[in-house]
Amino acid sequence: MVKLTDYFFSTYKEEPGNADIPGYALSIRAGLIKKTAAGIYTFMPLGLKVLGKIEKIIREEMDSTGALEILMPALQPADLWIQSGRWQQYGPELFRLKDRNDRQFCLGPTHEEIITNIAHQNIKSYKDMPLNLYQIQVKFRDEIRPRYGILRAREFIMKDAYSFTANEKDLDSIYESMYKCYSNIIERLGLKYFAVEADTGLIGGKYSHEFIILAKNGEDEIVYCPGCSYSANYEMADFRSKEDVSLTEEKDTPDYSEVSTPGITDIKSLSTFLSLPEERIIKTLFLKDCEKNIYAFLVSGHRELNIAKVQKFLGKNLEMADDEVSNLNIGYAGPAGLDSRILIYADNDLKHKSGMAAGANRPGFHLINIDCTRDFKPHAWGDFVYPQKGDICPNCEHELIFEKGIEIGHIFKLGTKYSEKMNAMFLDSDGKLKPVIMGCYGIGVSRILAAVIEQLNDSRGIVWPLSIAPFLVNIIAINIEDDDVKSASDMIYDKLLKSGIEVMYDNRNVRAGVKFKDSDLIGIPIKLIVGKNFPENKTVELELRKDGYKKTLDLDSAIRFIAEYPSGSHF
RNA sequence: CGGGGUGUAGCGCAGUUUGGCUUAGCGCGCCUGCUUUGGGAGCAGGAGGCCGGAGGUUCAAAUCCUCUCACCCCGACCA
């Protein structure tokens, strides 16, 4: 495939100045990408080769589900976005620009508007569906803070698919096939991952999954159960708290009473002051909706309120109320004796607890011995908090495990949000005009490249999975100035080429150490080392990048080993 | 957008506090030659900079002042 003296690449011994995660540092050091501007990268030949292989896998898997590839424009007219309402909704993340005639455009961060417009023009009957269209395209998002190289770039490559169906059943079946498709893709990449239930947001459909690759430096957090198949986005996760007998309801607990707690306005100091664990304190938080209605949320003192869950529960947007509740004795608020006009919502974790402390709704005082059953009646109980270490799987008895990861895919049932706004209607078999039901399925192509490096590396460099390694084998000619070694290496290179093996030939006139280090840095799975042993004994040495396994073989055996290595039948 | 920081050779940095000791330096990389060749070689020679940009102060500015631009870190954001 390539002789290194003819190739365009360079590696770096030194760490780049501004790479704060190993994957990014390696992608620069291995010469895969070059930064052009903040969050904007150039793919060099080696990086592009890997990117192409990732795209190939995605295309193969998508095509096998029956999806059809299209290519939409990166530059999109504003009027479609105005129709969908997102021209206003989308913040400064949307790259907006004007043409010479002062017409508004944007660089697409996603393509719902374009594709829904296509659907509007082309889908007329239920007979035109189901349909699943995808593209691999450059996307733009003016990230507030691009970071970690191509893991979070402003210009990036994404595969996005959009499905169109006449009914929910067909949507479900495409959703399922996309779920399977994404799992297949990630498995072919040889990565550890979870498909977790994800937040659908306020507009969201019922169902959404994120595909998360495990990586220490990931920006997403997930929880999963080691005992069953349960896994979820940290934000979304269901859980049960460990039953703590000492906190559960006892008969004949004393009535609550007021204690003076001057200057104590936070859980930590209250816990210290009263010598009570944080679990025995009721934290009272106030949220407001857009009409400035105030809601009180009660959670256990050691837990954090999860606004995403709360919003989902109430079905409306909420934020912390600060100014609006100055009359409510912040720091001394509590459920017992609270202004009765405020609706109280209590986290499930408090159910049946007694002997709790909470604010007395009077500056400088808290109540103790509150019984959560007896002393207040919340408007509703619910799950309003994040899971914590020690919490139990909702489906079985195991303790949940927390891991960090990188989101590389997201599948989503859109429903009729866009088709209604953009008038993508079809005539159903019952003769009625209905909005097309849509789904969207994204997978970050360039982000996969970054995520793979982030998950699969060691102190020497990248360790590519075989499916996307830029080359399968690297011929390392020790001392290319030795004519015997050079002619042998040339011959071996030709032979590997003829066998259809993806081969890189390091024919540079540099010392062996340089070649070994570079080969390991750029992560070529197999090194084929040609030294004096070949002219003398007709043997070459093979070494695997993954585990350092070495073997000295005659040439034919070596070639057979290499050819068979990807199928796992090597000896 | 708020807070902080950095711009000096392709990359990584020193020099800036206290203006002149610099013809602006070091390491890596690059070019030439010789030696070397199984885990980032040695020697010798060399190329490469309007010190981010624009104004100012001064006899004199990489160094001081003003304004700009770019990049980075922390926070809020994230189909």
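In what follows, every chain begins at residue 1, and chains take the letters A, B, ... in the order their sequences are listed.
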Trainee: Between G7(B) and G52(B), how many Å separate the two C1' atoms, rounded to a whole number?
Mentor: 6 Å

Trainee: Is the NZ or CZ atom of Lys288(A) both under 6.0 Å from the centre of the six-membered ring of Tyr295(A) and within 45° of that ring's axis?
Mentor: no

Trainee: What's the CG-P distance between Asn18(A) and C11(B), to the nearest Å?
Mentor: 12 Å

Trainee: Any strand is fair game: report the nucleotide pairing with G33(B) by Watson-Crick or G-U wobble, both distances under 3.5 Å, or none.
Mentor: C43(B)

Trainee: Do the two ring centres, one from Tyr179(A) and one from His209(A), sit under 6.0 Å apart?
Mentor: yes

Trainee: Find the partner of U63(B): check Watson-Crick (N1-N3 plus N6-O4 or O6-N4) and G-U wobble (N1-O2, O6-N3) distances, both under 3.5 Å, and reply none if neither fits.
Mentor: none

Trainee: Regarding Tyr182(A) and Lys159(A), is there a side-chain donor-to-acceptor distance under 3.5 Å anywhere?
Mentor: yes

Trainee: Looking at G27(B), does its base get a donor-acceptor pair with the side chain of Glu14(A) below 3.5 Å?
Mentor: yes

Trainee: What about Arg147(A): does its side chain form a donor-acceptor pair under 3.5 Å with the base of C72(B)?
Mentor: no

Trainee: Mark up nucleotides 35-44 of chain B, 5' to 3', with B wherever a protein heavy atom is under 4.0 angstrom from a base atom, S wherever such an atom reaches only the sugar-phosphate, and - elsewhere.
Mentor: -BBBBBB---

Trainee: Nearest-Å distance, CD (Glu219(A)) to P (C74(B))?
Mentor: 10 Å

Trainee: If you take any heavy atom closer than 4.0 Å to RNA chain B, which residues from residues 70-87 of chain A end up in contact?
Mentor: none

Trainee: Between Asp142(A) (CG) and A76(B) (P), how many Å, whole number?
Mentor: 19 Å

Trainee: Looking at C71(B), which nucleotide sits across from it as a Watson-Crick or G-U wobble partner, both distances under 3.5 angstrom, or is there none?
Mentor: G5(B)

Trainee: Does any nucleotide pair with G12(B) by Watson-Crick or G-U wobble geometry, both distances under 3.5 Å, and what is it?
Mentor: C26(B)

Trainee: CG of Asp20(A) versus P of U6(B): gap in Å, rounded?
Mentor: 17 Å

Trainee: Please report the distance separating the P of G2(B) from the corresponding atom of A47(B), rounded so that it comes out in whole Å.
Mentor: 48 Å

Trainee: Hey, is Lys527(A) close enough to Glu543(A) for a salt bridge, meaning N to O under 4.0 Å?
Mentor: yes

Trainee: Is it true that Tyr234(A) and Tyr386(A) have ring centroids separated by less than 6.0 Å?
Mentor: yes

Trainee: Can you tell me the pairing partner of A76(B) across any strand shown, Watson-Crick or G-U wobble, with both distances under 3.5 angstrom?
Mentor: none

Trainee: Between Ile144(A) (CD1) and C74(B) (C1'), how many Å, whole number?
Mentor: 13 Å

Trainee: With rounding to the closest Å, how many angstrom separate the P atoms on A44(B) and G39(B)?
Mentor: 24 Å

Trainee: Centre of Trp81(A)'s six-membered ring, under 6.0 Å away, within 45 degrees of the axis: is that where NZ or CZ of Arg96(A) sits?
Mentor: no

Trainee: Nearest whole Å is fine: how far is C78(B) P from Asn233(A) CG?
Mentor: 13 Å

Trainee: Just how far, in rounded Å, is P of C11(B) from CG of Leu32(A)?
Mentor: 18 Å

Trainee: I'd like to know if the side chain of Asp484(A) and the backbone of Lys532(A) have a donor-acceptor N/O pair within less than 3.5 Å.
Mentor: no

Trainee: Could you check Asp170(A) against Ile437(A) for side-chain contact (heavy atoms from CB on, under 4.5 Å), going step by step and ending with a plain yes or no?
Mentor: CA-CA 9 Å; Asp170(A) 288 351; Ile437(A) 299 172; over 6 Å; no

Trainee: With rounding to whole Å, what would you report as the distance between G15(B) and C69(B) at their P atoms?
Mentor: 28 Å

Trainee: Side chain to side chain donor-acceptor pair (under 3.5 Å), that's the test. Do Tyr12(A) and Ser10(A) meet it? Break it down for me.
Mentor: CA-CA 7 Å; Tyr12(A) 302 88; Ser10(A) 48; 3.3 Å; yes

Trainee: Sticking with atom P, work out how far U8(B) lies from C50(B), rounded to a whole angstrom.
Mentor: 11 Å

Trainee: If each of Pro16(A) and Arg145(A) is mapped to the nucleotide of RNA chain B with the nearest heavy atom, which maps nearer the 5' terminus, i.e. the 5' end?
Mentor: Pro16(A)

Trainee: Counting only N and O atoms by type, is there a donor-acceptor contact under 3.5 Å from the side chain of Lys515(A) to the main-chain atoms of Ala477(A)?
Mentor: yes

Trainee: Rounded to whole Å, how long is the line connecting atom CD1 of Ile28(A) with atom C1' of C71(B)?
Mentor: 14 Å

Trainee: Distance between the C1' atoms of A60(B) and U18(B), in whole angstroms?
Mentor: 16 Å

Trainee: Please name the nucleotide paired to G38(B) by Watson-Crick or G-U wobble geometry with both distances under 3.5 Å, or report none.
Mentor: none

Trainee: With rounding to the closest Å, how many angstrom separate the P atoms on G27(B) and G42(B)?
Mentor: 12 Å

Trainee: For Phe105(A), is the NZ or CZ atom of Lys98(A) found under 6.0 angstrom from the centre of its six-membered ring and inside 45 degrees of the ring axis?
Mentor: no

Trainee: May I ask which nucleotide in the shown strands pairs with C51(B), Watson-Crick or G-U wobble, both distances under 3.5 Å?
Mentor: none

Trainee: Under 4.0 angstrom, heavy atoms only, what part of the nucleic acid is Lys34(A) near: base, sugar-phosphate, or nothing?
Mentor: nothing

Trainee: Taking the same atom, P, in C64(B) and in U6(B), what whole-Å distance lies between them?
Mentor: 12 Å

